[in-house]
Protein chains: 2
Amino acid sequence: MARKQGSHSDITGPKVQAAALRLISQHGFAAVSMRQIAAEVGVQAGALYNYTPDKQSLLFELMRNHMQDLLADWDQQDKSGTTLARLERFTRFHIRFNLPRADEVFISYMELRNLSPDNFAKIEQMRREYETGLEDILRDGEREGTFAVPDVRIATMALIAMLNGLNSWYRDNGRLGLDEIETIYWDLVRKSVAV
Amino acid sequence: MARKQGSHSDITGPKVQAAALRLISQHGFAAVSMRQIAAEVGVQAGALYNYTPDKQSLLFELMRNHMQDLLADWDQQDKSGTTLARLERFTRFHIRFNLPRADEVFISYMELRNLSPDNFAKIEQMRREYETGLEDILRDGEREGTFAVPDVRIATMALIAMLNGLNSWYRDNGRLGLDEIETIYWDLVRKSVAV
DNA sequence: GTCTATAGCGGGATAGAC
DNA sequence: GTCTATCCCGCTATAGAC
């Protein structure tokens, strides 16, 4: 009946990730101890090392998983249509993907400096790859005259920063629904690059 | 001649702030030790406690000083003219104030969660006060028909997030000068709230 | 796979001499 | 005002029993 005590790798593994995600998002990587994470999971600190070689790898896995999900989801989006339609699709995708992942997004921006140089480079490359998705849309629209963007790279960074800001104040039970917020942000984005 | 050894309060005080600013900005509050700060200043760890009652107060002072400077400088700006002129003035002021203060700005956004609840409330109130400066401009412009802003509060947050993003990628020796960058951002801001 | 126990280190903060 | 020395605590990571 009850499975043998002390054999829960398939359960404990995800729980470690979830606990680390929540605690690091709330308190910061440097401020969270392996003991805290273990306590949240319901094991002793030593047991965590069955799932991660060290604390650094735990952080890296959280960030890599998040970026992999982001890139995979974006890859599956429709890439056809006018540049305006593509820009709207990017805007709405970005909001819809990021908003339900507040902890992951927060960590991905706040804890970059706590990555080892090697790990940092890997995450940065993935982030750059994602940004290129928007940059290409803006460049195409600029060339064909749909958009007026003095500097495509700056506009890319500016728009992503604007969209990311949403995560810092959005609350599920706020006065506006997700659809309304999406539309308001799309209005800002659309006009900011308009001719 | 040489002043009496062990009496440098007027020199050491600012050096402690400067060292804390630099180190916390680079590594994060939780990751920086009082010993590291002391080493950067050139004293022993115990000597720091002549200048701060504890580590928490050191962080709070950094953030409070930054916000006080911001509010004081903004208060001195010209508040007259059309709403469009006021919006341009805010945009350029924000960029010009924040860009040379990369460490302070970074800390003010990254280390909020390391403030005690009391200190957090004080900093948040100052930030909110500053945001109101932009919010008022947008609301006035919306009322008189100069701007088309579906939601003033969201637009305020979105524009500030966009402008703050500049700090994360700007480098002094980059391909664009400060004036050019200001103008590019002003173009994005102006159009995003245009009718 | 998890536990207990611990090694080895570094943290914040204080005491008291100078 | 700064120093040295230290208290007491918590940290990451490992060892070995079960």
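Quick note on labels: first sequence line is chain A, next is B, and so on, each numbered from 1.
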Between the protein and nucleotides 3-10 of chain D, which nitrogen or oxygen pairs are less than 3.5 angstrom apart?
{"from": "D/dC3", "atom 1": "OP2", "to": "B/Q44", "atom 2": "N", "distance (Å)": "2.6"}

Rounded to the Å, how far apart are A/Y49 OH and D/dA13 P? 4 Å

In whole angstrom, what separates B/I37's CD1 from C/dG10's P? 17 Å

Rounded distance in Å - CG (B/N114) to P (C/dG12): 12 Å

Testing C/dA13, C/dG1, D/dT12 for proximity to the side chain of A/Y51, the answer is C/dG1

Any residue in residues 13-28 of chain A with a heavy atom nearer than 4.0 angstrom to DNA chain D? Just list them by number, or reply none. none

B/R86/B/D136 salt bridge by N-O under 4.0 Å criterion: no

A/M34 atom CE is separated from D/dT14 atom P, nearest whole Å, by 10 Å

Check ion pair B/E142-B/R139 (N to O, under 4.0 angstrom): no

Between P of D/dC11 and CG of A/D54, the distance in whole Å: 17 Å

Establish, yes or no, whether a centroid distance under 6.0 Å links the rings of B/F90 and B/W74. yes

For A/V32, report the nucleic acid contact type (base, sugar-phosphate, nothing); a contact means any heavy atom under 4.0 Å. sugar-phosphate

Determine, using ring centers only, whether A/H94 and A/Y130 are less than 6.0 Å apart. yes

Nearest-angstrom distance from the residue atom CG of B/L48 to P of D/dT2: 9 Å

Look at the side-chain N and O atoms of B/T12 and state whether any lies under 4.0 Å from the OP1 or OP2 oxygen of D/dT2. yes

Salt-bridge contact B/K122-B/D118 (side-chain N to carboxylate O under 4.0 Å): no

For B/T132, which residues count as a side-chain hydrogen bond (donor to acceptor under 3.5 Å, both in side chains) partner, sequence neighbours excluded? none

Heavy-atom closest pair, residues B/Y185 and B/M162: CE2-O, 3.6 Å

Enter the distance from B/I154:CD1 to A/Y170:OH here, rounded to the nearest 0.5 Å. 10.0 Å

Between D/dT14 atom C1' and A/K55 atom NZ, what is the distance in whole Å? 17 Å

For a quick check under 3.5 Å, do B/E61 and B/T52 share a side-chain donor-acceptor pair by atom type? no

Please give, in whole Å, the distance from D/dT12 P to A/L58 CG? 11 Å

